[in-house]
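Since this is a predicted model, take the numbers as computed values, not measurements. Note: hydrogens, waters and symmetry copies are ignored here, and every other heavy atom, side chains too, is used. Chain letters run A, B, ... following the sequence lines, proteins first and then strands; every chain starts at 1.
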Amino acid sequence: MATLKDAAARKPVLATIRLIVPAGAARPAPPVGPALGFYRLNLMAFCKDFNARTQKYKADTPMQVTLTAYKDSTFEFVVKSPSVSWFLKKAAGIETANSRPGHSNVSSLTLRHVYEIAKLKQADPFCKHMSLEALCKSIIGTANSMGIAIVKDL
Amino acid sequence: MLPSLVRAGSAPLRRVVSTFSSTRAVSPRVPYAISSGGNLSLPFNAQPSPSRDGSSGPAGAARRGMGFCARAVDVGDEAASSSAAAGSDLSAPYLSVRIRCRRHDVEALSEALLCFGASSVTVDDIADAENLDEISITSLYADGEDVDSSVSSAASSAGLNYSPVYETSVGKQCDWVANVQETYEPTEVADGLWVVPKWRTPPDPEATNIIIDPGLAFGMGEHPTTKLCLLFLREVIKGGERVLDYGTGTGVLGIAALKMGATQSTGIDIDPQAITSASENLLLNGLHSNQMPVYLVPANAQPSCFPSAIDKSEDHHSTNYLDLKLSRGTYDVVAANILLNPLLELVEDIVGYAKPGGIIAVSGILEEQVSKIKEVYSRYLDRILVSEMDGWACLRGTRRV
């Protein structure tokens, strides 16, 4: 979180807002509307900006956005790729994670999947400092908590 | 194997945007900290969908209940407020959950809440709460979500060894709409050209004032792309032109063109909110709907797709697609302020509306996206010029004969 902390040191921060917004499809409706509207942030500017910036992603991919609202009504935002759990669900072709992880497994993925997800995640601003191995371990941990088994080969 | 969903760039996407909060109605100084290092030419995958057709937004009926509703209501009033139509209009409720947790759990809990169904998680500034061990975070949920199970799943996933205390209340959409409305100020786009929110008095009554009530549509005059397009119009409108506002939003560009001397503007958009907003705004500016017909068009707007049946809308306007179809190739000026992908996909549609030799301007693109637009549009346009403002760009050209 180095970059956001720096930002906070420069200007007084009012709030930090986290949202998931589909790429290219931010609209002034929930979740964006109420979350940003509460702090009187310029919704339309955010939507236009976010949509323009996420044109390079497949439409409707759920991007993780972290907004820092400053006390002077300006704001800054950072866009990250979807959560690891989303990638895992996509890869495994499932809708919801297992509600009883450890007791029954929903599905399986291979180490190759984990590696590919790690590669994508490594490009994220906050994961750059992590080694691929560390990322993979973290992803495997998430997979386990979702009841997805990681096997060598399918 | 792993579906190629995302090709993440090598740099964080980061932007500083200043909202219009000062009372000085001068074009705001917008410091855009561009930190897009490296090569952001990323492969784009699959079918792009131009801005959503509002199917999951407050769309559906083009109603815009703009009453200034009360603020977030307590759970006790829930019965009354949730009887309003769910989801698709401005009085639809959402759930606001205030959760208390320990400072050092905030990060993990916030992430977890988002994974377990929260629409957003907001943390009020931590620095203010220096001396407190416990802080509050606010999480918003769509109406009908199971907040209890979401919070408990999130708490255990985040590794909390306690059950956070929380309190749910119901918020109404018009709360935040009203909030944001209040922030808009008149904007002087150029000398003698202002865009003024409906509830404010024009600072210069002698100037060309475009009155806008934004609602949930885009185009209040303060965004660089709107300004670039308005400046473009100012340059090319001499009087008597027929103008097409492709992706009209609030109708600001179409209305401006009329005020600058165009004979007729036509506004089209895929979002019903835009149609409502533009229709109301043209009346606010003393214009007649004959001067500016507005059409709701399907999201995959190819001319052949227009239904031959007429008039799907309810109120303001006639959606006589035949008129729109017939107007192809007749416009002197076409302005399209949308987004990169729709501009690329719909190039033939956009250019096709202009008469040969007509002038076309496209915007809603970042400076880094100009080359892609130029590559595609130079097949159809001559005399291409690019103008830029604060990291945004507008490309114009004349339709090849």
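Residues A:Arg18 and B:Glu107 form a side-chain contact, since some pair of their non-hydrogen atoms from C-beta on lies under 4.5 Å apart. In this structure, A:Arg27 and B:Asp271 have side chains that are in contact, with non-hydrogen atoms separated by less than 4.5 Å. Between A:Asn42 and B:Tyr184 there is a side-chain heavy-atom pair separated by less than 4.5 Å. Between B:Phe218 and A:Asn51, the closest side-chain pair of non-hydrogen atoms is not below 4.5 Å. For the pair B:Pro342/A:Gln55, a side-chain contact is recorded, criterion being any heavy-atom separation below 4.5 Å from C-beta on. With a 4.5 Å cut-off on side-chain heavy atoms, A:Met44 and B:Met220 do not count as touching.
Here A:Pro34 is the residue among A:Pro34, A:Ala35, A:Gly37 with the most heavy-atom pairs under 4.5 Å with chain B. The residue among A:Ala52, A:Cys47, A:Pro31 with the most heavy atom pairs within less than 4.5 Å of chain B is A:Ala52. Each of A:Gly33, A:Ala15, A:Pro62 has some count of heavy-atom pairs under 4.5 Å with chain B, and the biggest count is that of A:Gly33.
In terms of modelled atom types and a separation under 3.5 Å, the side chain of A:Lys48 and the main chain of B:Thr225 share no donor-acceptor contact.
Of the two parts of A:Lys121, neither the backbone nor the side chain holds a non-hydrogen atom closer than 4.5 Å to a non-hydrogen atom of chain B. At a 4.5 Å heavy-atom cutoff, the contact between B:Leu340 and chain A is made by backbone and side-chain atoms alike. Using a 4.5 Å cut-off between heavy atoms, B:Ala217 contacts chain A through its backbone alone, with no side-chain atom that close.
Summarising the geometry, atom CG belonging to B:Leu366 is positioned 7.0 Å from atom CG belonging to A:Asp49; distances are rounded to the nearest 0.5 Å. To the nearest 0.5 Å, atom CH2 of residue A:Trp86 and atom SG of residue B:Cys115 are 13.0 Å apart. Here the straight-line distance linking atom CG of A:Leu36 with atom OG1 of B:Thr122 works out to 8.0 Å at 0.5 Å rounding. To the nearest 0.5 Å, atom NZ of residue A:Lys56 and atom NZ of residue B:Lys372 are 8.5 Å apart.
Nearest approach of B:Glu222 to A:Ala45, heavy atoms of both residues: OE2-CB, 4.4 Å. Closest approach of A:Leu19 and B:Ser120 over heavy atoms only: CD2-CB, 3.1 Å.
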Checklist entry - Could you walk me through whether A:Tyr39 and B:Asp124 pass the side chain to side chain contact (heavy atoms under 4.5 Å, CB included) check? => result CA-CA 10 Å; A:Tyr39 293 96; B:Asp124 288 325; 2.4 Å; yes
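Applying the salt bridge (charged side-chain N to carboxylate O under 4.0 Å, His left out) definition to pairs two or more places apart or across chains, those involving residues 135-151 of chain A are A:Glu133-A:Lys137.
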